[in-house]
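Residue numbering restarts at 1 for every chain, and letters A, B, ... go by the order of the sequence lines.
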Amino acid sequence: MPVKLHVEDLAARRGEDLIFQHISLVLQAGEGLVVTGANGSGKSTFLRVLSGLLPVDAGRVRLEGAGSDNLAESSHYLGHRNAMKRELTVSENLVFWQDFMGDSPGGRGLPVEVAIDALGLSGIGHLPFGYLSAGQQRRMAMARLLVAFRPVWLLDEPTAALDASADRMFAGLVRGHLEQGGIVVAATHQPLGIDGVRELRMTGFAGVFAEAGY
Amino acid sequence: MMSHTGYVMASYGTAALMVAGLILWVFADGRGRRRELKALDDAGIRRRSAPTTAGEPQ
Amino acid sequence: MIALFLRDLKLSVRAGGGALIGVLFFMTVVAVIPFGVGPDLNLLSRIGPAILWIGALLACLLGLDRLFQAEREDGSLDVMLMQETPLVLSVLVKCLAHWTASGLPLVIASPLLGLFMNMNEVAIGATMLTLLVGTPAITFIGAVGAAVAVALPRGGLLVSILVLPLAIPVLIFGVSAAYAAVEDPAPFLPPFLILIAITLFFAVIGPLAAAAALRSSSD
Amino acid sequence: MMNDQSLAIRKFSDLANPTRFLGLAERLLPWFSGLTALLFVVGLYLCFTTQGDYQQGETVRIMYIHVPAAWLSMMCYTVMALSALGTLVWRHPLADVSARAAAPIGACFTLLALVTGSLWGKPMWGTWWVWDARLTSVFVLFLMYLGLIALNRAMDDPGKAAKVSAILILVGFVNIPIIKFSVEWWNTLHQPASVMRLDGPKIDPEFLWPLLVMALAFSMLFFTLHIAAMRNEIWRRRVTSMRRQAARNLGMEGRKA
């Protein structure tokens, strides 16, 4: 059963400020959505509401075709912070996340070593996470997406600290996930380097959003 | 030592003091907020009628 | 869940971990008391259990505000909030890991400090037993404080102020059980069983309230 | 006293909108303060006209302040616990305002109960502070009040703070019986609960009337102050939201210009 993500008339509020409202869209399996907009226009808020970390002010978010219809439980969230412990080594971090998160129905996570190689960082799995550079740490955070399977990926400025080669590598990862029938929602400034991706431009403070075409 | 009535007076005294203090604090706090609200109103800040905090202060 | 338990244990033992600091603080507090109270041995042996208990309570509270703060700062808390496994379970496992890392060493160190306070074997045994049963309750209560401290911009020390009043029953029954073992007329079992009851009670209330606080304060 | 309680419940539930609450507050406050003043006059008159207790002499009059204050500290925490439920369960927008307004008032009443308790203790037991069960529980309650006030002040964003302090209020509320039981178990010197006994008040009516009237007076005082404090809190939040609005307007002009 291919997964389908429904966002129905979504509105979110931070404190007393209404950030965005009336957002409705449907994402089929294998479709990607890039969320663009100026700083503070609500991109991160939109992703955090999708991942259930922020309460919904109005409207609903639903996922069909994955084990449970709760979107949070069958999606990865990659925020600005890498969710890795500095004292533990890279593989200890990844092994922990693999055991703790487990796999959503319909897919298997890659073994830790394979995931590290996929990110082009083979050989430094034993180093403590704190020793890595910002770019390497960001790649390791992406490795977490591979070690445990989740149909939906919610990425908040994933390529922030990455160089050009890492960008291409990351685009390959996203393309691979989409081809497997996954869904990706990414908030980013630079283009993701993937064609055939829909765009959602946030116009900021309680302004009605304008969904750009393809 | 203080006679019995001394203690009674002392306790009624503290009670009166604290009750008066409470009333004063609430009253002064109210007047301060009213002044701030009036200042903001004069500065022409209109509250957008957010559902929860709608309406003008009396 | 086991993975979370083992990871937390590894973390608290590694360099930045809080386990060692808790025990060191416990020892310094107890070692300092005789200098203040004076070397009068039978006085020390009388107040021994109380001093050990108070030291353990403070040492336990010490490491608590970092319980969730570290997870929030590096983003792991967000991922935990999203998982299918209920947050209450993860909080319970984290509390147990924290207790094993910093509560248990206190219990193990207490006999040594009991000698400092010139306590006889029965008193040391009783204090150790009551600490073993009582310190988890402090960790569970402290978890609520730690979860609240996560939401506070300048939170840290406020945890102890919020948690201490709630931990008073644990202290009362812990010390009275320890004393009851020494003075014969006083019964040992009632306060000891009440202490266990309190620990189990907070084992439920603590994680529940902490999970609710964590979920409501995520931004 | 029951009618006040039901008024409080009804008043909270149907007043989701702060403006209607402000309107009602403006109308209610004069009546409430008038009634409170009247009750206090009658209460104080009764306190001083009844003859002293044969054994304690004049000091029994301190009871007319000490006992109502102790009741009030408990009632105030109950109101806060109700507000906490309002925030968490019914998501009532005014619930957090009520809890935040009630905390300082409750703390003052608890302090008053402690002070009058020790003033009463000095002639009766010879020392200012006696670690007896009832006084100690009230002291712990006072610590919890201070903790909650400190928590409310430490959090700048009222929205997020509301849920977290509500959770802490409820955890504290669940603990009150435990603390009371454990402190009572630990040491009890205070005379057993003479008024709250199930088989009706043990003390003879001579002392009962002033006590009940003073209790009513204190309760009315609490409700008056609580409504006024809630009004202040609503205004304080409006001021902050208007200031943030002003800042954003500047931001908007900046972007448009």
Side-chain angles (χ1 to χ4, degrees), chain C residues 68 134 137 140-177 179-180 186-187 190-191 194-195 197-199 201-202 204-219, chain D residues 73 77 81 84-85 87-89 91 95-96 103 107 110 131 133 135-188:
Chain C
F68 298 116
F140 288 130
I141 304 171
V144 181
V148 166
V150 159
L152 291 183
R154 300 170 294 281
L157 273 181
L158 196 62
V159 176
S160 332
I161 300 169
L162 295 178
V163 167
L164 263 179
L166 306 177
I168 284 175
V170 178
L171 182 65
I172 288 176
F173 285 107
V175 173
S176 53
Y179 275 132
I194 295 175
L195 187 63
I198 290 181
T199 301
F201 176 74
F202 282 121
V204 171
I205 297 285
L208 259 173
L214 282 178
R215 199 171 290 283
S216 69
S217 69
S218 79
D219 57 355
Chain D
S73 64
Y77 203 91
L85 276 181
T87 318
L88 289 176
V89 173
R91 296 227 184 299
D96 175 52
T110 321
W131 284 100
L135 278 178
T136 323
S137 322
V138 172
F139 177 61
V140 170
L141 188 63
F142 185 56
L143 290 181
M144 283 156 72
Y145 270 120
L146 293 186
L148 282 170
I149 294 173
L151 176 65
N152 282 337
R153 292 175 67 84
M155 300 250 238
D156 31 34
D157 157 19
K160 187 152 57 118
K163 287 215 186 67
V164 173
S165 64
I167 289 166
L168 208 69
I169 293 174
L170 286 180
V171 168
F173 190 67
V174 163
N175 261 293
I176 286 184
I178 298 178
I179 290 173
K180 198 145 184 7
F181 167 72
S182 54
V183 167
E184 203 116 300
W185 191 89
W186 169 60
N187 156 9
T188 177

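Heavy-atom pairs under 4.5 Å with chain D peak, among Leu162(C), Val163(C), Ile205(C), at Leu162(C).
Taking each heavy atom of Ser216(C) and Val164(D) in turn, the nearest pair found is OG-CG2, 3.7 Å.
Using a 4.5 Å cut-off on side-chain heavy atoms (C-beta onward), Val144(C) and Leu168(D) make contact. Side-chain contact between Val148(C) and Ile167(D) is absent, with no heavy-atom pair separated by less than 4.5 Å. Between Ile172(C) and Phe181(D), every side-chain heavy-atom pair lies at or beyond the 4.5 Å cut-off.
Atom CG in Leu148(D) sits 12.0 Å away from atom CD1 in Ile161(C) (nearest 0.5 Å). Distance CZ/Phe173(C) to CD1/Ile178(D): 9.5 Å, rounded to 0.5 Å.
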query: When you look at Val171(D) and Leu166(C), which way does the side-chain contact (heavy atoms from CB on, under 4.5 Å) test go after all the steps?
result: CA-CA 9 Å; Val171(D) 168; Leu166(C) 306 177; 3.8 Å; yes

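Listed by chain and residue number, Trp53(C), Ala137(C), Ile138(C), Ile141(C), Leu195(C), Ile198(C) satisfy the side chain to side chain contact (heavy atoms under 4.5 Å, CB included) test with Val170(C) (two or more places apart in sequence, or in another chain).
Against chain C, the residues from residues 136-146 of chain D that qualify, each with a non-hydrogen atom under 4.5 angstrom away, are Val140(D), Leu143(D), Met144(D) in number order.
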